[in-house]
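Numbering of ligands and ligand atoms starts at 1, following listing order.
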Amino acid sequence: MAETMFNKVALIGLGLIGSSLAHVMRREGLAGEIAGHARSSETRAKAVEIGLVDSIHATAAEAVLNADLVIVCVPVGVCGAVAADIGPHLKPGAIVTDAGSVKATVIAAMAPHMPDGVHFIGGHPIAGTEQSGPEAGFASLFEGRWCVLTPGPGTDPAACDRLEAFWRACGSSVERMDAEHHDLVLAITSHVPHLIAYNIVGTAADLEEVTKSEVIKYSAAGFRDFTRIAASDPVMWRDVFLNNREAVLEMLGRFTEDLTALQRAVRRGDGEGLQELFTRTRAIRRGIIDAGQDEAVPDFGRRGEIVPPE
Ligand code: NAP
């Protein structure tokens, strides 16, 4: 067990990310006290019932009182409003971070509400599942995954080091990166793949009328793996696309060009071109497995994430 790193940690948002943080902080003894806030009384009651937090608060402002570390784990579209609520109540010297999947717009929305003497550093754990809510979390979510921190030019190096040490104690590897660069990288590795999954599942749902449930019956042929991604939280993902518009459109432009080329290859019967691409993509999958970011077991190796290991 690691040493207590912060006397009091406040979690604002107690869904998949917030509850996973609560579990890992408890397991590793990282926080002297965990205070929590979520929007609905249902989530707050559930958080108490399953013992996620030591204290639960009806407002974010109350939850952050005297906290040394505040982690905002709400959909990116409401991070600015949460920052406005908590700003006047933050303890001098506190570290404030977030878990949002988009960085530049979230930082622009949160930073102006951070008082002098409070260290605000954007963050994004590259770890997740398609589940949401306070019961979705598990302590090993961040293990072996990357967490990106996006300090700005004025960030206090000591505060950033402390936050990095915290994420490492949660099991993550940490990389520091420019917020805009993060958004571009995540557009292609996460946001566009989700958009593609939402699209293909939507198209198949429209076809369902025609195919009379054969889409579901034969889903193991490949479709099923898209449905897992397309089952991700609608509000979270709506906010991601509203907040990372430019980078997503840039990557979507490239994707569309490549898809058109692929369409042409299929039409022309260009077997050599198809095989060459499929060989290259297979190597990328191998690279992901070699890097420990997935397992080479069937079902895309997701079982360990769907059934939280205890
Ligand atoms: P989630 O499971 O849907 O939970 C969101 C939490 O935020 C809920 O507790 C919700 O409360 C609370 N919330 C929503 N609006 C709020 C508001 N205005 N004030 C206070 N609390 C509010 O979402 P999540 O998956 O944990 O995602 C949280 C953040 O982490 C998002 O920014 C997301 O982009 C990022 N992230 C997600 C993943 C992933 O795979 N899911 C991975 C990395 C990063 P109620 O339950 O009461 O509605």
Side-chain angles (χ1 to χ4, degrees), residues 10-24 34-50 52-53 56-64 70-87 89 97-107 109-110 113 122-138 141-143 145-150 167 170 172 179 182-183 185-187 189-191 193-194 197 228-244 248 293 302 305-306 308:
L11 295 172
I12 309 303
L14 295 165
L16 171 72
I17 300 297
S19 63
S20 294
L21 280 166
H23 285 299
V24 69
I34 304 174
H37 162 72
R39 177 182 47 177
S40 68
S41 53
E42 289 80 7
T43 297
R44 295 198 295 267
K46 185 53 81 179
V48 172
E49 186 192 318
I50 59 181
L52 288 179
V53 291
I56 193 77
H57 304 271
T59 65
E62 217 179 87
V64 303
V70 176
I71 312 177
V72 176
C73 315
V74 300
V76 292
V78 290
C79 284
V82 166
D85 285 348
I86 63 175
H89 307 280
T97 188
D98 73 301
S101 307
V102 178
K103 292 278 53 87
T105 54
V106 166
I107 292 168
M110 290 184 75
H113 302 290
H124 178 204
I126 316 287
T129 74
E130 68 280 20
Q131 313 282 330
S132 48
E135 292 176 287
F138 52 101
L141 178 67
F142 309 109
E143 242 158 61
R145 301 285 178 252
W146 287 96
C147 178
V148 175
L149 298 182
T150 56
W167 278 108
C170 292
S172 294
H182 164 279
D183 291 351
V185 172
L186 269 291
T189 56
S190 170
H191 306 167
H194 275 77
R228 187 189 67 77
I229 297 178
S232 299
D233 190 75
V235 172
M236 171 191 152
W237 284 96
R238 175 202 67 192
D239 281 8
V240 166
F241 292 111
L242 294 179
N243 283 279
N244 198 20
V248 166
Q293 294 300 301
R302 302 282 173 205
E305 291 184 357
I306 292 167

- Query: Donor-acceptor pair, S132 side chain versus G15 backbone, under 3.5 Å?
  - Reply: no
- Message: Can a donor-acceptor pair be found, under 3.5 Å and without considering hydrogens, that links the side chain of D183 to the backbone of K103?
- Response: yes
- Query: When the ring planes of F241 and H191 are compared, do they come out parallel, tilted or perpendicular, using 30° and 60° as the limits?
  - Reply: perpendicular
Check each N or O atom of ligand 1 against all protein N or O atoms and list the pairs under 3.5 Å, with atom names and distances to 0.1 Å, one per line.
residue: ligand 1; atom: 2 (O); partner: L16; partner atom: N; Å: 2.9
residue: ligand 1; atom: 2 (O); partner: G133; partner atom: N; Å: 2.9
residue: ligand 1; atom: 9 (O); partner: L14; partner atom: N; Å: 2.9
residue: ligand 1; atom: 9 (O); partner: G15; partner atom: N; Å: 3.4
residue: ligand 1; atom: 21 (N); partner: R39; partner atom: N; Å: 3.4
residue: ligand 1; atom: 26 (O); partner: L16; partner atom: N; Å: 3.1
residue: ligand 1; atom: 26 (O); partner: I17; partner atom: N; Å: 2.9
residue: ligand 1; atom: 30 (O); partner: A99; partner atom: O; Å: 3.4
residue: ligand 1; atom: 32 (O); partner: V74; partner atom: O; Å: 2.7
residue: ligand 1; atom: 34 (O); partner: S101; partner atom: N; Å: 3.2
residue: ligand 1; atom: 34 (O); partner: S101; partner atom: OG; Å: 2.6
residue: ligand 1; atom: 36 (N); partner: S101; partner atom: OG; Å: 3.4
residue: ligand 1; atom: 46 (O); partner: T43; partner atom: OG1; Å: 2.6
residue: ligand 1; atom: 47 (O); partner: R39; partner atom: N; Å: 3.4
residue: ligand 1; atom: 47 (O); partner: S40; partner atom: N; Å: 2.7
residue: ligand 1; atom: 47 (O); partner: S40; partner atom: OG; Å: 2.6
residue: ligand 1; atom: 47 (O); partner: T43; partner atom: OG1; Å: 3.2
residue: ligand 1; atom: 48 (O); partner: R39; partner atom: NE; Å: 3.2
residue: ligand 1; atom: 48 (O); partner: R39; partner atom: NH2; Å: 2.6

- Query: If only atom types and distance count, is the side chain of N244 paired as donor or acceptor with the main-chain N or O of V240 below 3.5 Å?
  - Reply: no
- Query: Do T43 side-chain atoms and S40 backbone N/O form a donor-acceptor pair below 3.5 Å?
  - Reply: no
- Query: For the side chain of R145 and the backbone of A127, is there at least one donor-acceptor N/O pair under 3.5 Å apart?
  - Reply: no
